[in-house]
Q: 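Let me begin by handing over the structure; questions about it come next.
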Amino acid sequence: MIKDGNFSQEILTALDSFFAEGRCPHAMLIDGGGEKQRTELARLAAKMIVCSNQDITPCGACENCRKADENIHPDIITVTKPDDRKFFVKNDVKKVVADAYLTPNDSLKKVYILSEVQQMNEECQNLLLKILEEPPHYTAFILTSQTANAVIGTVLSRVVRLRLGKAEDVQYSEKAVDVVTKLASAVSSPYEYDKIQATAPLDGNKKLTVEVLELFIAVLRDAVSLKSGGKILLDEFKNQSTELADKSSLKKLLDMYEAVCGLYRSLDNNPNYTLLSAVLCARL
Ligand SMILES: [Zn+2]
(Lines give C-alpha, C1' and ligand atoms only; values in the text may rest on other atoms or scores of the structure.)
Protein backbone atom coordinates (compact mmCIF):
# COMPACT_ATOMS: atom_id res chain seq x y z
CA MET A 1 0.00 0.00 0.00
CA ILE A 2 1.36 3.41 -0.94
CA LYS A 3 1.90 5.92 1.82
CA ASP A 4 1.72 9.65 1.39
CA GLY A 5 0.97 12.07 4.19
CA ASN A 6 -0.63 14.55 1.79
CA PHE A 7 -3.59 12.33 0.94
CA SER A 8 -6.24 10.39 2.77
CA GLN A 9 -5.96 6.62 2.90
CA GLU A 10 -9.19 6.50 0.92
CA ILE A 11 -7.65 8.36 -2.02
CA LEU A 12 -4.47 6.31 -1.87
CA THR A 13 -6.42 3.05 -1.81
CA ALA A 14 -8.39 4.18 -4.84
CA LEU A 15 -5.19 5.12 -6.67
CA ASP A 16 -3.59 1.83 -5.69
CA SER A 17 -6.55 -0.12 -7.03
CA PHE A 18 -5.89 1.23 -10.52
CA PHE A 19 -2.52 -0.52 -10.38
CA ALA A 20 -3.72 -3.81 -8.89
CA GLU A 21 -2.26 -6.99 -10.34
CA GLY A 22 0.26 -5.23 -12.51
CA ARG A 23 -2.31 -3.16 -14.37
CA CYS A 24 -1.69 0.43 -15.31
CA PRO A 25 -4.41 2.92 -16.18
CA HIS A 26 -3.93 4.44 -19.62
CA ALA A 27 -6.07 7.50 -18.88
CA MET A 28 -6.95 9.01 -15.53
CA LEU A 29 -8.79 12.12 -14.36
CA ILE A 30 -8.07 13.77 -11.01
CA ASP A 31 -10.71 16.31 -10.08
CA GLY A 32 -11.91 18.31 -7.10
CA GLY A 33 -9.82 19.44 -4.14
CA GLY A 34 -7.30 22.23 -4.67
CA GLU A 35 -4.90 22.73 -7.55
CA LYS A 36 -1.84 21.91 -5.45
CA GLN A 37 -3.38 18.64 -4.30
CA ARG A 38 -4.36 17.69 -7.84
CA THR A 39 -0.85 18.44 -9.09
CA GLU A 40 0.78 16.41 -6.33
CA LEU A 41 -1.53 13.47 -6.83
CA ALA A 42 -0.91 13.57 -10.60
CA ARG A 43 2.84 13.50 -9.93
CA LEU A 44 2.46 10.57 -7.55
CA ALA A 45 0.40 8.65 -10.12
CA ALA A 46 2.95 9.48 -12.83
CA LYS A 47 5.72 8.17 -10.59
CA MET A 48 3.78 4.94 -10.11
CA ILE A 49 3.51 4.58 -13.89
CA VAL A 50 7.21 5.12 -14.65
CA CYS A 51 8.59 3.17 -11.64
CA SER A 52 10.68 0.13 -12.68
CA ASN A 53 9.58 -2.00 -9.75
CA GLN A 54 6.76 -4.27 -10.88
CA ASP A 55 5.81 -5.43 -7.38
CA ILE A 56 5.68 -2.29 -5.29
CA THR A 57 4.96 0.89 -7.15
CA PRO A 58 6.25 3.51 -6.58
CA CYS A 59 9.25 1.85 -4.95
CA GLY A 60 10.85 5.21 -4.26
CA ALA A 61 14.29 3.66 -4.83
CA CYS A 62 14.71 3.08 -8.55
CA GLU A 63 16.23 5.56 -10.98
CA ASN A 64 12.80 6.33 -12.45
CA CYS A 65 11.35 7.15 -9.02
CA ARG A 66 14.34 9.30 -8.21
CA LYS A 67 13.98 11.34 -11.38
CA ALA A 68 10.24 11.63 -10.86
CA ASP A 69 10.85 12.94 -7.33
CA GLU A 70 13.26 15.52 -8.67
CA ASN A 71 10.80 16.48 -11.39
CA ILE A 72 13.34 15.75 -14.09
CA HIS A 73 11.95 12.54 -15.56
CA PRO A 74 12.02 12.80 -19.37
CA ASP A 75 8.99 10.52 -19.66
CA ILE A 76 6.75 12.61 -17.42
CA ILE A 77 5.57 15.48 -19.57
CA THR A 78 3.35 18.17 -18.08
CA VAL A 79 1.26 20.24 -20.47
CA THR A 80 -0.59 23.39 -19.44
CA LYS A 81 -2.22 26.32 -21.17
CA PRO A 82 0.19 29.13 -22.10
CA ASP A 83 0.48 31.79 -19.36
CA ASP A 84 -0.90 34.54 -21.56
CA ARG A 85 -3.95 32.60 -22.73
CA LYS A 86 -7.18 31.59 -21.09
CA PHE A 87 -7.30 28.20 -22.76
CA PHE A 88 -4.99 25.47 -24.01
CA VAL A 89 -3.81 26.13 -27.55
CA LYS A 90 -4.92 23.74 -30.29
CA ASN A 91 -1.40 23.30 -31.65
CA ASP A 92 -0.04 22.27 -28.25
CA VAL A 93 -2.71 19.60 -27.95
CA LYS A 94 -1.98 18.36 -31.49
CA LYS A 95 1.70 18.12 -30.57
CA VAL A 96 0.87 15.99 -27.53
CA VAL A 97 -1.19 13.63 -29.68
CA ALA A 98 1.63 13.25 -32.24
CA ASP A 99 4.30 12.96 -29.54
CA ALA A 100 2.34 10.28 -27.69
CA TYR A 101 3.25 7.77 -30.42
CA LEU A 102 7.00 8.19 -29.84
CA THR A 103 8.49 5.60 -27.50
CA PRO A 104 9.63 6.56 -23.97
CA ASN A 105 13.22 7.41 -23.09
CA ASP A 106 14.09 5.95 -19.69
CA SER A 107 11.04 4.13 -18.48
CA LEU A 108 8.89 1.43 -20.08
CA LYS A 109 6.05 3.95 -20.10
CA LYS A 110 5.65 7.65 -20.53
CA VAL A 111 3.02 9.88 -19.00
CA TYR A 112 1.42 13.11 -20.13
CA ILE A 113 -0.02 15.21 -17.34
CA LEU A 114 -2.61 17.50 -18.91
CA SER A 115 -2.91 20.01 -16.16
CA GLU A 116 -6.13 21.89 -15.30
CA VAL A 117 -8.25 20.86 -18.28
CA GLN A 118 -11.06 23.15 -17.16
CA GLN A 119 -8.93 25.48 -19.28
CA MET A 120 -9.21 23.26 -22.35
CA ASN A 121 -12.09 24.01 -24.69
CA GLU A 122 -14.30 21.37 -26.23
CA GLU A 123 -12.53 21.47 -29.59
CA CYS A 124 -9.18 20.65 -27.98
CA GLN A 125 -10.68 17.99 -25.73
CA ASN A 126 -12.14 16.39 -28.85
CA LEU A 127 -8.65 16.18 -30.36
CA LEU A 128 -7.70 13.86 -27.49
CA LEU A 129 -10.51 11.36 -27.95
CA LYS A 130 -8.77 8.92 -30.26
CA ILE A 131 -5.51 8.84 -28.33
CA LEU A 132 -7.33 8.46 -25.00
CA GLU A 133 -9.33 5.56 -26.39
CA GLU A 134 -6.40 3.70 -27.89
CA PRO A 135 -3.08 5.05 -26.72
CA PRO A 136 0.10 3.11 -27.56
CA HIS A 137 0.74 0.56 -24.79
CA TYR A 138 3.68 2.65 -23.56
CA THR A 139 1.71 5.90 -23.14
CA ALA A 140 -0.56 7.05 -20.33
CA PHE A 141 -2.48 10.25 -19.68
CA ILE A 142 -3.33 11.97 -16.43
CA LEU A 143 -5.80 14.83 -16.64
CA THR A 144 -6.46 17.19 -13.75
CA SER A 145 -9.46 19.49 -13.51
CA GLN A 146 -11.16 21.70 -10.94
CA THR A 147 -14.38 19.82 -11.61
CA ALA A 148 -15.35 16.90 -13.82
CA ASN A 149 -18.06 19.17 -15.23
CA ALA A 150 -15.41 20.90 -17.30
CA VAL A 151 -14.59 17.63 -19.04
CA ILE A 152 -16.73 16.58 -22.01
CA GLY A 153 -18.69 13.33 -21.66
CA THR A 154 -16.79 11.48 -24.38
CA VAL A 155 -13.50 12.20 -22.58
CA LEU A 156 -15.00 11.30 -19.20
CA SER A 157 -16.07 7.92 -20.55
CA ARG A 158 -12.46 7.12 -21.48
CA VAL A 159 -10.80 7.87 -18.12
CA VAL A 160 -10.74 6.33 -14.68
CA ARG A 161 -11.64 9.00 -12.20
CA LEU A 162 -10.09 9.93 -8.90
CA ARG A 163 -12.08 12.52 -7.02
CA LEU A 164 -10.48 14.64 -4.34
CA GLY A 165 -13.82 15.85 -3.03
CA LYS A 166 -15.42 19.22 -3.46
CA ALA A 167 -13.43 21.74 -5.49
CA GLU A 168 -11.79 24.12 -3.03
CA ASP A 169 -10.17 26.61 -5.25
CA VAL A 170 -13.16 27.92 -7.14
CA GLN A 171 -13.80 31.31 -5.62
CA TYR A 172 -15.98 33.95 -7.11
CA SER A 173 -15.97 37.67 -6.51
CA GLU A 174 -18.96 39.34 -4.88
CA LYS A 175 -19.61 41.20 -8.11
CA ALA A 176 -19.78 37.96 -10.14
CA VAL A 177 -22.12 36.37 -7.60
CA ASP A 178 -24.31 39.45 -7.76
CA VAL A 179 -24.52 39.39 -11.58
CA VAL A 180 -25.29 35.66 -11.65
CA THR A 181 -27.98 36.04 -8.99
CA LYS A 182 -29.63 38.82 -10.98
CA LEU A 183 -29.29 36.83 -14.20
CA ALA A 184 -30.92 33.77 -12.64
CA SER A 185 -33.98 35.91 -11.82
CA ALA A 186 -33.90 37.87 -15.06
CA VAL A 187 -34.08 34.94 -17.47
CA SER A 188 -37.60 34.12 -16.37
CA SER A 189 -38.68 37.75 -16.20
CA PRO A 190 -41.11 38.98 -18.87
CA TYR A 191 -39.14 42.22 -19.09
CA GLU A 192 -36.15 42.32 -21.44
CA TYR A 193 -34.92 45.25 -19.39
CA ASP A 194 -34.16 42.94 -16.44
CA LYS A 195 -31.69 40.96 -18.54
CA ILE A 196 -30.08 44.10 -19.88
CA GLN A 197 -29.70 45.45 -16.38
CA ALA A 198 -28.28 42.18 -15.05
CA THR A 199 -25.64 41.90 -17.77
CA ALA A 200 -24.72 45.61 -17.92
CA PRO A 201 -21.72 45.29 -15.51
CA LEU A 202 -20.06 42.91 -17.98
CA ASP A 203 -19.55 45.58 -20.60
CA GLY A 204 -15.84 45.98 -21.25
CA ASN A 205 -14.92 44.03 -18.12
CA LYS A 206 -13.10 40.98 -19.40
CA LYS A 207 -12.24 39.47 -16.03
CA LEU A 208 -15.77 39.77 -14.71
CA THR A 209 -17.21 38.38 -17.95
CA VAL A 210 -15.07 35.25 -17.75
CA GLU A 211 -15.97 34.78 -14.10
CA VAL A 212 -19.69 35.31 -14.62
CA LEU A 213 -19.86 32.96 -17.60
CA GLU A 214 -17.98 30.20 -15.76
CA LEU A 215 -20.21 30.54 -12.74
CA PHE A 216 -23.42 30.83 -14.74
CA ILE A 217 -22.51 27.66 -16.71
CA ALA A 218 -22.07 25.79 -13.42
CA VAL A 219 -25.35 27.15 -12.02
CA LEU A 220 -27.21 26.27 -15.24
CA ARG A 221 -25.75 22.79 -15.09
CA ASP A 222 -27.02 22.41 -11.54
CA ALA A 223 -30.45 23.68 -12.63
CA VAL A 224 -30.54 21.04 -15.39
CA SER A 225 -29.54 18.44 -12.83
CA LEU A 226 -32.26 19.54 -10.39
CA LYS A 227 -34.83 19.49 -13.16
CA SER A 228 -33.81 15.93 -14.04
CA GLY A 229 -33.99 14.75 -10.44
CA GLY A 230 -30.23 14.83 -9.91
CA LYS A 231 -28.02 16.47 -7.33
CA ILE A 232 -26.38 19.86 -7.42
CA LEU A 233 -22.66 20.46 -7.09
CA LEU A 234 -22.53 24.09 -6.02
CA ASP A 235 -24.35 24.20 -2.70
CA GLU A 236 -23.53 27.85 -2.23
CA PHE A 237 -25.53 28.71 -5.36
CA LYS A 238 -28.46 26.49 -4.54
CA ASN A 239 -30.93 29.41 -4.49
CA GLN A 240 -29.95 30.50 -7.98
CA SER A 241 -30.05 27.02 -9.53
CA THR A 242 -33.35 26.25 -7.79
CA GLU A 243 -34.89 29.46 -9.08
CA LEU A 244 -33.79 28.65 -12.63
CA ALA A 245 -35.08 25.08 -12.35
CA ASP A 246 -38.42 26.21 -10.93
CA LYS A 247 -39.09 28.84 -13.53
CA SER A 248 -37.74 27.32 -16.76
CA SER A 249 -38.50 24.20 -18.76
CA LEU A 250 -35.77 21.58 -19.21
CA LYS A 251 -35.53 22.51 -22.89
CA LYS A 252 -35.08 26.19 -22.09
CA LEU A 253 -32.39 25.35 -19.53
CA LEU A 254 -30.53 23.13 -21.98
CA ASP A 255 -30.77 25.77 -24.72
CA MET A 256 -29.39 28.41 -22.36
CA TYR A 257 -26.64 26.08 -21.22
CA GLU A 258 -25.55 25.42 -24.82
CA ALA A 259 -25.71 29.12 -25.67
CA VAL A 260 -23.67 30.25 -22.67
CA CYS A 261 -21.09 27.48 -23.18
CA GLY A 262 -20.78 28.56 -26.82
CA LEU A 263 -20.29 32.14 -25.80
CA TYR A 264 -17.67 31.13 -23.24
CA ARG A 265 -15.76 29.08 -25.81
CA SER A 266 -15.72 32.00 -28.22
CA LEU A 267 -14.09 34.36 -25.69
CA ASP A 268 -10.51 33.76 -26.83
CA ASN A 269 -11.47 34.70 -30.39
CA ASN A 270 -13.56 37.66 -29.38
CA PRO A 271 -11.55 40.67 -28.35
CA ASN A 272 -14.67 42.81 -28.35
CA TYR A 273 -15.92 42.25 -24.85
CA THR A 274 -18.20 45.24 -25.01
CA LEU A 275 -20.72 43.41 -27.19
CA LEU A 276 -20.89 40.34 -25.02
CA SER A 277 -23.63 41.52 -22.69
CA ALA A 278 -25.86 42.17 -25.70
CA VAL A 279 -25.10 38.76 -27.15
CA LEU A 280 -25.73 37.12 -23.80
CA CYS A 281 -29.07 38.90 -23.41
CA ALA A 282 -30.11 37.83 -26.89
CA ARG A 283 -29.36 34.18 -26.18
CA LEU A 284 -31.12 33.88 -22.85
ZN1 LIG B 1 10.55 2.96 -8.45
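Order of listing sets the numbers, starting from 1, for every ligand and every atom in it. These values consider heavy atoms only, across backbone and side chains, with no hydrogens, waters or symmetry-generated copies. Treat the numbers as computed from the prediction; the structure is a model and nothing was measured.
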Q: Does either side chain, that of H73 or that of N64, offer a donor lying less than 3.5 Å from an acceptor on the other one?
A: yes
Q: Could you check whether E243 and S185, counting side-chain N and O atoms only, form a donor-acceptor pair closer than 3.5 Å?
A: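 Yes, side-chain donor-acceptor contact under 3.5 Å.
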Q: Could you tell me which residues satisfy salt bridge (charged side-chain N to carboxylate O under 4.0 Å, His left out) with R221, sequence neighbours excluded, listed by chain and number?
A: none
Q: Please report how many protein N/O/S atoms lie under 2.8 Å from the Zn ion (ligand 1).
A: 4
Q: Would D75 and K109 pass as an ion pair if we require N to O under 4.0 Å?
A: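 Salt bridge: no.
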Q: Compute whether any side-chain donor of one residue and acceptor of the other, for E116 and T80, lie under 3.5 angstrom apart.
A: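 Per modelled atom types, E116 and T80 side chains form no pair under 3.5 Å.
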Q: Would you tell me whether S189 and D194 have side-chain atoms, one donor and one acceptor, within less than 3.5 Å of each other?
A: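 Result is yes, a qualifying pair exists.
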